[in-house]
Amino acid sequence: MLPFHRRAAQAAICLALCAPLPPAFAQTPVQAGPGAWSANQVWANDTTHGGALSGYYYWPATPPSLDNKRALVLVLHGCAQTAGGDVINGSGDAGYNWKAVADQYGAVILAPNATGNVYGTHCWDWAATNRSRSYGHTAVLLDLINRFLSNPQYAIDPKQVYVAGLSSGGAKAMVLGCTAPEIFAGLGLSAAPPPGVTTGQISIVPSGYTATTAANACRAMAGSALDHFATQVTGVIWGSSDYTVAQAYGPLDAAAMRQVYGGAWTQGAAVTVPGSGSNVEYTDANGKVRTSQITVTGLGHAWPAGTGGQNANYVNATRVNYPAFIMDFWFNKNLRVSQAPAPVMASCSASVSGSTVTVNGAASFAEGSIAGYRVLLNGPSPVDDDAAGSGAAFSKAYANRADGSYGGSVTAIGNNGQTSNACALPAFQVGTGTPPPVFTCTTSSASNYAHVQAGRAHASGGYALANGSNQNMGLYNTFFTSTLAQTAQGYYIVGNCP
């Protein structure tokens, strides 16, 4: 067998569904970072393997996309790789390709280097039998996480901490997720040998080793933190041409984590992922998707970086963009951040008397109260009023509107800052003139990327915004899908036709 180093080496969901929140209800913005990878940093000393943990971090200039707090992602390289040479963006490529999704989600990324020379090829100590939190790489990596969690300038949400890695990095990510499930809300495992396997068993599953074996090892690592598995999620990915780490470890890893999470499971249908991937998700007894497992056709032993990433030294830029996929999975499936239903518009209407337009609306909010309404009128005398009223219903008059055709929408704002889908106002006429033509509303369901390409929406700051209403549809990518209704020429709202 070849030595390990020869075989070793992707808005919450966006809660804001409308245009930016009015100032009275907006949350305090978090501090913007430089939007660039840091210089090499030196962190904690490793008293087990020697040396000090070093590496890089990326602090985006963009705002966070979930609960107004930043996510923190720990990314672990594989054997025969380094953070500086393979993970972070360089002058010629994007490495593991994390910067783009960090900007999109407003997340901080950590890219440390493995201390010591474990297993002779700069690996993480994933196969160590000592699973103590104070031992080896586990100790220095948990210290690194704590440094960023405890520093208020980064505004890290402890409910949005994730870990991902390739090969020994993926295996170490699984160890960390098992050892400290209260810290890690989600895992991303690429070609990862599971706990209890030795370095000499990575290319073939040992006789008698099953998902139950791995699950038992995982639970043993957690100790008193077992309860936190109830809100953890895991994504797994592997290549059909990986002959370094046994392909069978991929589905075994996912099955092991389902056993750890417990309960009954429902397997979903295989769904194509751009870049030759096929994804199968499993839903728990509560209807929550908890695991994802992707097989990538033609991918060897490499981190699936996707277009723009490095395409050498166990990094592949021609297949699935796993940073984009796994971030979307983590953010949409996060079980630790409250993602309560938004307010619901019950009705809206507009009436005309002379040059005065009166807009009425009603809404409900199961999670609280309606703190405000926003009225948008498009026409000769446009209106953008973010203080139209509050409570269960409102009515407000807008005088001295110029003659012409008008349309628009009304949105409700909850007392926690969440906004409803827009209620479209039917086209109406002020003054004399040709009445507005009757427009037949149509709907389109597609990925947010496809909506933008088709001219129904536009991209801004990593999000897709519906043309006309400027409603926030969520993240601008191929994984996030939306339904748009065209209620007037060039005017779209999120949802179905009124």
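The figures here come from the full heavy-atom set of this structure, side chains too, leaving out hydrogens, waters and symmetry mates.
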Euclidean distance, Thr283 OG1 relative to Arg258 CZ, rounded to 0.5 Å: 10.5 Å

Do Val108 and Ile156 have side chains that get closer than 4.5 Å, going by heavy atoms? yes

Answer whether the closest heavy-atom distance between the side chains of Met174 and Trp126 falls below 4.5 Å. no

Hey, does Leu76 have a side-chain heavy atom less than 4.5 Å from the side chain of Pro112? yes

Ion pair present between Glu182 and Arg133, side-chain N to carboxylate O less than 4.0 angstrom? yes

Using only atom types and a distance under 3.5 Å, with no angle test, would you say the side chain of Asn130 pairs donor to acceptor with the backbone of Ser132? yes

Closest non-hydrogen atom pair between Tyr135 and Ala128, with its separation: CE2-CB, 3.9 Å

Using side chain to side chain donor-acceptor pair (under 3.5 Å), reason through Gln259 and Thr212 one step at a time and then give a plain yes or no. CA-CA 7 Å; Gln259 287 193 33; Thr212 300; 3.2 Å; yes

Might you work through the side chain to side chain donor-acceptor pair (under 3.5 Å) test for Gln160 and Asn334, ending with a clear yes or no? CA-CA 8 Å; Gln160 299 184 59; Asn334 186 298; 5.5 Å; no

May I ask you to establish whether Arg290 and Tyr282 are in a cation-pi arrangement, using a distance under 6.0 Å from NZ or CZ to the six-membered ring centre and at most 45° from the ring axis? no

Is there side-chain contact between Ser65 and Gln104, with heavy atoms separated by less than 4.5 Å? no

Heavy-atom distance under 4.5 Å between the side chains of Thr291 and Val233, does that happen here? no

Spacing of CD1 belonging to Ile109 relative to OH belonging to Tyr58, to within rounding of 0.5 Å: 9.0 Å

Looking at Ser369, is its backbone amide N or carbonyl O close enough to the side chain of Asn415 to form a donor-acceptor pair, meaning the two atoms are under 3.5 Å apart? yes

Closest heavy-atom pair, Ile202 versus Tyr249, reported as atoms and distance to 0.1 Å, is O-CE1, 3.3 Å

Can you tell me how far apart OH (Tyr154) and CG (Leu72) are? Round to the nearest 0.5 Å. 10.0 Å

Side-chain contact, heavy-atom cut-off 4.5 Å: Phe365 with Val344? no

Nearest atoms (heavy-atom pairs only) where Ser150 meets Pro152: O-CD, 3.3 Å

Lys159 versus Lys69: any side-chain heavy-atom pair under 4.5 Å? no

Any donor-acceptor pair under 3.5 Å linking the side chain of Asn40 with the backbone of Gly55? yes

Between Ser445 and Thr483, a side-chain donor and acceptor under 3.5 Å: yes

Under the 3.5 angstrom rule, does the side chain of Asn113 hit a backbone N or O of Ala83 as a donor-acceptor pair? yes

Just wondering, do His122 and Ser168 contact through their side chains at under 4.5 Å, heavy atoms? no

Determine whether Asn316 and Asn311 satisfy the following criterion, side chain to side chain contact (heavy atoms under 4.5 Å, CB included), listing intermediate values before the conclusion. CA-CA 5 Å; Asn316 184 286; Asn311 199 37; 4.1 Å; yes

Minimum heavy-atom distance Trp303-Ala164, with the two atoms named: CH2-CB, 4.3 Å

Ser203 side, atom OG; Tyr243 side, atom OH - distance, nearest 0.5 Å: 13.0 Å

Residues Gln31, Trp59; criterion side chain to side chain contact (heavy atoms under 4.5 Å, CB included); working and verdict: CA-CA 10 Å; Gln31 183 176 340; Trp59 182 11; 3.4 Å; yes

Which distance, rounded to the nearest 0.5 Å, do you find between the CD of Glu281 and the OG1 of Thr266? 12.5 Å

Please check if the side chain of Thr115 supplies one atom and the backbone of Ala52 the other of a donor-acceptor pair under 3.5 Å. no

Scanning both residues in full, the closest heavy-atom pair of Ala270 with Ser278 reads CB-OG, 3.6 Å

For Ile413 and Ile370, what are the C-alpha separation, side-chain angles and deciding distance, and is it a side chain to side chain contact (heavy atoms under 4.5 Å, CB included)? CA-CA 6 Å; Ile413 304 155; Ile370 302 298; 6.0 Å; no

Is it true that Asp125 and Lys172 have a side-chain N and a carboxylate O under 4.0 angstrom from each other? yes

Do Tyr57 and Phe148 pass the ring pair (Phe, Tyr, Trp, His ring centres under 6.0 Å) test, and can you show the C-alpha distance, the side-chain angles, and the key distance before you say yes or no? CA-CA 10 Å; Tyr57 67 93; Phe148 280 80; 5.3 Å; yes

Any donor-acceptor N/O pair, Ser241 side chain to Gly300 backbone, under 3.5 Å: no

Given the rule in the side chain to side chain contact (heavy atoms under 4.5 Å, CB included) test, do Asn313 and Gln81 qualify, once you have shown the distances and angles that lead to the verdict? CA-CA 7 Å; Asn313 198 35; Gln81 290 183 324; 3.9 Å; yes

Side chains of Asn89 and Asp93: any donor to acceptor distance under 3.5 Å? no

Between Tyr56 and Gln41, is any side-chain donor less than 3.5 angstrom from a side-chain acceptor? no

Against Leu176, only a single residue in Ile183, Leu187, Leu141, Ile145 fulfils side chain to side chain contact (heavy atoms under 4.5 Å, CB included); can you say which? Leu141

Taking Asp143 for the side chain and Ala139 for the main chain, is one N or O donor matched with an acceptor at less than 3.5 Å? no

Can a side-chain donor-acceptor contact be found between Asn279 and Gln293 if the only test is distance below 3.5 angstrom? no

Please determine, by modelled atom types, if Arg219 and Asn216 share a side-chain donor-acceptor pair under 3.5 angstrom. yes

Taken to the nearest 0.5 Å, the spacing of Leu299 CG from Thr318 OG1 works out to 7.5 Å

Please report whether the ring centroid of Tyr162 lies less than 6.0 Å from that of Trp330. yes

Which atom of Ala180 lies closest to which atom of Leu142, heavy atoms considered: CB-CD2, 4.2 Å

Answer yes if the side chains of His77 and Thr82 hold a donor-acceptor pair under 3.5 Å, and no otherwise. no

Pair His451, Ser482: side-chain N/O donor-acceptor within cut-off below 3.5 Å: no

Is there a donor-acceptor contact under 3.5 Å linking the side chains of Thr234 and Tyr261? yes

